[in-house]
Number of protein chains: 4
Amino acid sequence: MIIVIKTGTPEAEISRIGQELYKSWGIMSEKIVGRNKVVIGLIGDTASLDPMQIQETSPWIEQVLRVQKPFKRVSREFRHGEPSDVIVSTPNGPVHFGEGHPVVLIAGPCSVENEEMIVETAKRVKAAGAKFLRGGAYKPRTSPYAFQGHGESALNLLAAARAATGLGIVTEIMDTADLDAVAGVADIVQIGARNMQNFALLKKVGAQDKPILLKRGMSATIDEWLMAAEYLLAAGNPNVILCERGIRTFDAKYARNTLDLSVIPVLRSLTHLPITIDPSHGTGKSEYVPPMALGAIAAGTDALMIEVHPNPAKALSDGPQSLTFDSFDSLVREMAVIGKAVDRWSTQPAMATA
Amino acid sequence: MIIVIKTGTPEAEISRIGQELYKSWGIMSEKIVGRNKVVIGLIGDTASLDPMQIQETSPWIEQVLRVQKPFKRVSREFRHGEPSDVIVSTPNGPVHFGEGHPVVLIAGPCSVENEEMIVETAKRVKAAGAKFLRGGAYKPRTSPYAFQGHGESALNLLAAARAATGLGIVTEIMDTADLDAVAGVADIVQIGARNMQNFALLKKVGAQDKPILLKRGMSATIDEWLMAAEYLLAAGNPNVILCERGIRTFDAKYARNTLDLSVIPVLRSLTHLPITIDPSHGTGKSEYVPPMALGAIAAGTDALMIEVHPNPAKALSDGPQSLTFDSFDSLVREMAVIGKAVDRWSTQPAMATA
Amino acid sequence: MIIVIKTGTPEAEISRIGQELYKSWGIMSEKIVGRNKVVIGLIGDTASLDPMQIQETSPWIEQVLRVQKPFKRVSREFRHGEPSDVIVSTPNGPVHFGEGHPVVLIAGPCSVENEEMIVETAKRVKAAGAKFLRGGAYKPRTSPYAFQGHGESALNLLAAARAATGLGIVTEIMDTADLDAVAGVADIVQIGARNMQNFALLKKVGAQDKPILLKRGMSATIDEWLMAAEYLLAAGNPNVILCERGIRTFDAKYARNTLDLSVIPVLRSLTHLPITIDPSHGTGKSEYVPPMALGAIAAGTDALMIEVHPNPAKALSDGPQSLTFDSFDSLVREMAVIGKAVDRWSTQPAMATA
Amino acid sequence: MIIVIKTGTPEAEISRIGQELYKSWGIMSEKIVGRNKVVIGLIGDTASLDPMQIQETSPWIEQVLRVQKPFKRVSREFRHGEPSDVIVSTPNGPVHFGEGHPVVLIAGPCSVENEEMIVETAKRVKAAGAKFLRGGAYKPRTSPYAFQGHGESALNLLAAARAATGLGIVTEIMDTADLDAVAGVADIVQIGARNMQNFALLKKVGAQDKPILLKRGMSATIDEWLMAAEYLLAAGNPNVILCERGIRTFDAKYARNTLDLSVIPVLRSLTHLPITIDPSHGTGKSEYVPPMALGAIAAGTDALMIEVHPNPAKALSDGPQSLTFDSFDSLVREMAVIGKAVDRWSTQPAMATA
């Protein structure tokens with residue numbers, strides 16, 4: 001349930017309404033400040049509340065509306081239709097993820113392999129226009145015998161790449177025991193597809209402060225995905241970015257997954273959270289990445305996450321889906337054409353903050 | 001197996017090679033004239049043939065290559081990497097479907113309801129830039145009690161709309177018994193998703209002359225879809241256009257199907273046939289259609305098939321996924337922006353041939 | 001909507017009610033005679049009818065109930081909860097498919113290859129306890145270059161096997177043009193998975209008299225499958241048997257399909273039609289067939305359809321999933337143990353009618 | 001790679017071979033004692049090893065065989081074809097899970113609600129024949145606002161039920177932080193479907209001593225599931241039981257999941273690990289549970305996990321899929337009929353150890 005507040009309502013009255021809700025019905029509430037409106041969101045079992053009674057709490061209340069979805073805080077209605085603007089601090093300055101902003105590029109290798117490769121990659125993707133470096137320190141691998149990531153030492157290398165370029169860092173957390181270490185380096189903490197319903201992890205990551213990238217589970221319904229995001233918001237962290245990375249269907253012969261671009265308009269109608277598309281995992285083959293990246297921008301994504309490796313043929317993981325530096329440069333040029341056509345491209349020169 | 005012929009080879013020599021293949025090994029062959037090369041495609045059981053022996057048939061043979069796919073005639077290799085250019089005659093002149101050509105728009109209602117609505121729709125979609133009118137005379141419906149289409153009388157109405165606008169007609173065939181009637185009116189005969197593996201229908205439609213739009217089955221793998229197209233080419237008709245219309249996945253709560261845009265680069269690498277995307281059936285909701293149409297163009301589709309209805313709320317079928325005239329006009333303007341950015345948009349004024 | 005008639009209602013009154021329904025509301029109706037009750041089923045748009053008004057039509061009416069499902073004639077409610085008993089004539093006498101009867105065995109090769117193999121197979125599966133011989137004359141094949149079945153000549157061989165053994169024949173129809181030929185030989189006409197939503201075929205097969213085996217489409221929902229059966233009943237043929245043959249899921253590495261035994265209790269609750277399980281296509285591997293056949297009997301299937309071939313290694317199609325004669329004999333012995341345990345096994349000696 | 005040792009080989013020689021493997025090639029190995037044969041399993045990168053060279057290590061080596069699967073320790077080949085016999089200690093004595101043993105029944109509520117209900121349930125399911133009580137202390141719930149389980153206090157209630165009945169306890173671990181508490185009470189630690197690829201959890205649970213029940217992920221391929229089990233064995237715990245609980249397919253209208261009984265023969269051919277079927281989560285509806293439980297026994301399952309609740313209508317979670325005490329009693333009687341028919345039923349009186 002949400003309460004839409006009239007324009008010009010004094011701060012003190014908004015606080016009073018919140019206190020009144022708690023006193024009279026034991027209901028917790030959150031103030032959400034949008035561009036045009038202030039809204040009070042009500043959490044918990046509001047099924048038995050009478051909107052009319054709440055309306056009478058204050059003459060400054062414009063409307064009382066029920067949220068008709070299983071997810072509450074992540075629902076578009078909870079912000080009265082207004083999209084979130086997730087702002088991520090990076091050494092090069094704040095980066096905005098959201099509908100009104102340029103498409104954000106996140107690029108880098110699947111795994112952090114050594115200092116030279118990660119710093120070199122960071123420099124190249126920054127020069128091409130990326131704002132974030134991705135790179136795995138802890139890698140979820142199907143086989144216990146496969147390379148599991150360099151772990152904590154890889155986090156140090158990500159920190160070095162961050163220091164060298166000013167790029168923000170996106171890296172995955174797999175174990176709650178590593179949370180301090182990961183959140184200490186990452187500007188965005190990633191929760192991977194296989195952990196989308198690892199509720200213990202969601203609760204703990206949601207309780208820390210760094211923005212979170214939540215990948216969609218391999219066969220997660222949209223409701224399940226948004227409910228996973230709801231865990232994060234319910235734990236206190238509103239800075240959540242959703243990331244589609246390909247779903248599992250009946251055909252995996254040519255593409256590793258089926259990248260579901262059609263989720264973009266569905267998410268737009270349901271949630272205020274920003275959307276990222278990962279065409280690298282989504283397709284599993286580097287030659288399929290460019291058309292999907294271009295399609296994603298035209299379809300309205302807010303960000304893209306793309307695997308780039310100095311030498312994909314020798315990558316320790318996911319080589320077949322990684323772009324070379326040159327092919328990434330070339331893709332960015334193509335993306336800029338679409339991005340400008342839809343007025344979602346940064347006109348700022350990429351090197352300005354270097 | 002294909003034989004690549006040297007540039008400048010006399011016609012008589014090409015014929016001689018074909019005859020020689022038949023005489024010596026009992027193998028049927030087809031001459032395929034590409035933009036740069038002439039290729040002879042070999043059909044049938046070529047597994048036991050020795051490429052070296054075939055090479056010796058003529059000094060004009062440049063190369064002999066095996067087609068490594070289960071599908072042969074539809075494989076990209078069969079045309080030595082060159083895309084097909086499917087040319088469809090319409091009263092307004094020939095329309096090209098293929099990689100080197102502007103994106104073709106096919107628009108119209110799910111079902112033909114009456115003369116006024118179909119002629120009015122034809123005029124409006126033509127004015128907006130469509131080259132083809134779609135409209136169902138025979139409708140595949142899950143329930144035997146649902147409206148099954150107006151049948152043969154609807155074909156006459158399509159003919160009237162064609163006469164009034166010069167647009168080409170795309171309409172579905174469901175029963176081999178209706179083939180003459182449908183092919184008599186249609187400029188492109190459509191085979192629907194539910195009949196993609198109706199092999200009796202494929203054989204008969206493949207044996208007639210009108211170009212064919214082959215929709216992907218709801219859970220057809222890419223191989224199965226291309227093998228269905230192979231049935232059409234094997235029956236003699238090379239003018240086949242593939243149409244993705246959404247696949248069945250584990251989540252149908254918000255969108256009716258999962259529109260698989262990621263099939264575009266996969267098909268490009270496997271086949272020379274042109275690609276159409278149907279975002280209307282693919283999503284099942286009119287508000288999801290525009291982002292998917294834009295995404296499809298950026299991802300490289302050759303054509304789009306979009307449902308448009310004068311009054312979606314009163315449509316006899318598929319109303320929720322149909323655009324109004326005004327929303328289609330508006331979508332075409334948005335598509336033109338992307339289409340021009342990727343250099344795949346007709347610069348010809350839409351009304352020129354009216 | 002159904003009307004339950006009181007026990008002892010005179011025939012004339014039942015007819016009068018039917019006429020009255022038609023006169024007053026233009027509604028068609030069908031009399032359905034169950035073991036305990038007579039029911040009148042109402043077809044067509046009954047949404048606006050008032051049950052109270054219908055109740056007043058006759059004092060012999062016990063109850064008027066709405067059918068709450070999209071399917072009507074196939075719904076369990078339409079027979080007031082009573083299962084159908086589909087009786088199929090064969091030279092050896094009538095065979096009953098249904099809940100109160102022994103499990104029926106249908107066995108034979110994927111394709112009819114020659115007279116010797118089909119007659120020999122018929123004799124062996126009869127000796128083991130089968131009541132029906134299956135065998136494909138027309139084969140739906142993914143590739144146009146694969147063996148398509150021997151067609152009409154294979155139908156003659158099936159007739160010969162029928163004559164030699166008295167077994168009923170189950171064979172597939174793919175093209176409405178072959179209907180007379182197929183129905184002339186078959187005791188049960190099979191509609192294959194790929195044609196489950198070939199509505200033109202359903203309408204024509206539903207309009208002939210032979211019982212029909214309707215296979216589930218590869219990714220057909222239960223509703224779609226039952227609606228396909230509804231097409232058959234709506235066309236006039238009440239003798240429909242449903243056949244589960246494996247569905248398409250995300251994993252086809254080891255088994256060709258996922259045999260969905262869990263559909264058995266779901267169908268039981270929704271429909272009165274008998275159920276057959278095909279573990280051969282369902283798994284695609286002969287070693288998986290016996291456990292699935294045993295599981296199906298324990299879970300309550302009414303019939304089993306099993307591929308048996310004199311020499312699976314040399315079969316023209318589907319060899320890997322065919323049992324040898326000896327392994328079929330051995331499976332029948334295991335099935336008899338389960339069948340007797342659940343009181344669904346024929347105690348009649350298998351050879352009695354030979 | 002495995003080394004099959006000749007019957008009668010001295011212990012010292014087996015040790016020597018292991019040491020030799022490590023010295024010469026740096027390869028770790030494990031001795032596996034089967035009923036008929038002793039096998040040495042080689043772990044790690046054995047791709048470059050020459051079987052001939054290893055054969056020459058000792059005249060007591062019968063055969064050296066490559067394991068052709070991505071999973072090693074869990075593969076059937078790794079035990080030279082012999083099934084595992086997982087023995088679980090309970091207060092009532094050891095219980096065997098495996099092919100040569102009676103079907104084991106695990107029963108109980110979804111969540112532990114209070115002492116009375118859990119102790120009462122334990123007594124009733126024990127009287128019916130169950131050897132284990134299931135009950136959730138920590139519950140994975142899609143919504144953060146749904147009941148999350150009573151946590152540690154529920155573990156104490158499970159301990160009380162164990163003390164009262166002597167039944168073994170099966171309960172789920174969701175967070176590595178709870179491992180000591182859960183393993184302190186559980187006789188079998190359960191890893192749930194949503195955590196099947198939570199590799200951090202797998203590694204830690206695999207490193208403790210209690211037997212483990214590993215549920216299949218909702219859309220896990222068989223390879224992924226077995227690789228998850230491989231994580232557990234690689235971490236040191238060989239006592240792993242696999243549990244199928246329904247997979248996600250395209251149809252969830254009637255059943256919550258599609259219970260995949262066809263996985264039974266596939267697992268049998270691939271792995272030596274015992275198999276449990278959970279028809280309660282697998283179908284989501286109590287009326288579907290009995291046919292599926294019966295089918296599972298006939299198809300060869302080693303154990304069944306069934307939800308039973310004193311009052312399903314008031315259950316805090318998963319009520320619709322829970323059996324009442326009476327319906328569980330009645331199901332056990334039906335299961336005994338099938339279990340005895342296939343010689344997989346305990347003839348020991350159920351109450352003997354009470």
Side-chain angles (χ1 to χ4, degrees), chain A residues 69-70 216-226 246-270 277 279 282-301 334-343, chain B residues 69-70 216-226 246-270 277 279 282-301 334-343:
Chain A
K69 301 286 183 336
R216 180 183 188 179
M218 242 165 261
S219 66
T221 62
I222 289 167
D223 277 358
E224 288 171 340
W225 189 13
L226 291 177
I247 55 171
R248 179 157 282 177
T249 65
F250 51 82
D251 193 2
K253 180 165 176 185
Y254 299 105
R256 192 173 160 189
N257 294 292
T258 299
L259 182 68
D260 183 12
L261 290 188
S262 73
V263 89
I264 296 174
V266 179
L267 290 177
R268 277 291 181 253
S269 67
L270 296 175
I277 297 292
T283 64
K285 218 176 259 180
S286 58
E287 67 178 290
Y288 302 156
V289 169
M292 291 298 96
L294 301 174
I297 296 174
T301 192
E334 291 182 80
M335 292 195 290
V337 171
I338 305 288
K340 285 170 189 166
V342 295
D343 206 19
Chain B
K69 303 286 186 333
R216 183 184 186 179
M218 243 165 257
S219 67
T221 62
I222 291 169
D223 277 357
E224 287 171 342
W225 189 14
L226 291 177
I247 56 171
R248 178 158 283 178
T249 65
F250 50 82
D251 194 1
K253 179 165 174 183
Y254 298 106
R256 190 173 163 190
N257 294 293
T258 300
L259 183 68
D260 183 10
L261 291 188
S262 73
V263 89
I264 296 173
V266 179
L267 290 177
R268 277 290 180 254
S269 68
L270 295 176
I277 298 292
T283 65
K285 218 177 259 180
S286 57
E287 67 180 289
Y288 301 156
V289 170
M292 290 298 98
L294 300 174
I297 295 174
T301 193
E334 291 183 81
M335 292 195 289
V337 171
I338 304 288
K340 284 170 189 164
V342 295
D343 206 20

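Throughout, a chain's letter reflects where its sequence line sits, starting with A, and its residues are numbered from 1. Only heavy atoms go into these numbers, but all of them, side chains included; no hydrogens, no water, no symmetry mates.
- Contacts between B:Arg248 and chain A at a heavy-atom distance below 4.5 Å involve the backbone alone (N, CA, C, O).
- Each of A:Met292, A:Glu334, A:Met335 was evaluated against A:Ile297; a single residue qualifies, A:Met335, per the side-chain contact (heavy atoms from CB on, under 4.5 Å) test.
- Within the 4.5 angstrom heavy-atom criterion, no atom of B:Ala296 approaches chain A.
- The neighbour count for A:Lys285 NZ, taken as heavy atoms of other residues, nucleotides or ligands under 6.0 Å away, is above 12.
- Side chains of B:Ile277 and B:Ile264 form a contact here, defined as non-hydrogen atoms less than 4.5 Å apart.
- No other option in A:Thr283, A:Asn257, A:Val263, A:Ile247 has as many heavy-atom pairs under 4.5 Å with chain B as A:Ile247.
- Between chain A and the residues B:Gly282, B:Ala255, B:Ala220, B:Gly300, the most heavy-atom pairs under 4.5 angstrom are made by B:Ala220.
- Under the 4.5 Å side-chain criterion, counting only non-hydrogen atoms from C-beta, A:Trp225 is in contact with A:Leu267.
- For B:Thr249, the part sitting under 4.5 Å from any heavy atom of chain A is the side chain, from C-beta outward, and nothing else.
- Counting heavy-atom pairs under 4.5 Å between each of B:Asp251, B:Ile222, B:Thr301 and chain A puts B:Asp251 at the top.
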Exercise for review: List the steps, then state whether side-chain contact (heavy atoms from CB on, under 4.5 Å) holds for B:Lys69 with B:Asp223.
Suggested key: CA-CA 9 Å; B:Lys69 303 286 186 333; B:Asp223 277 357; over 6 Å; no
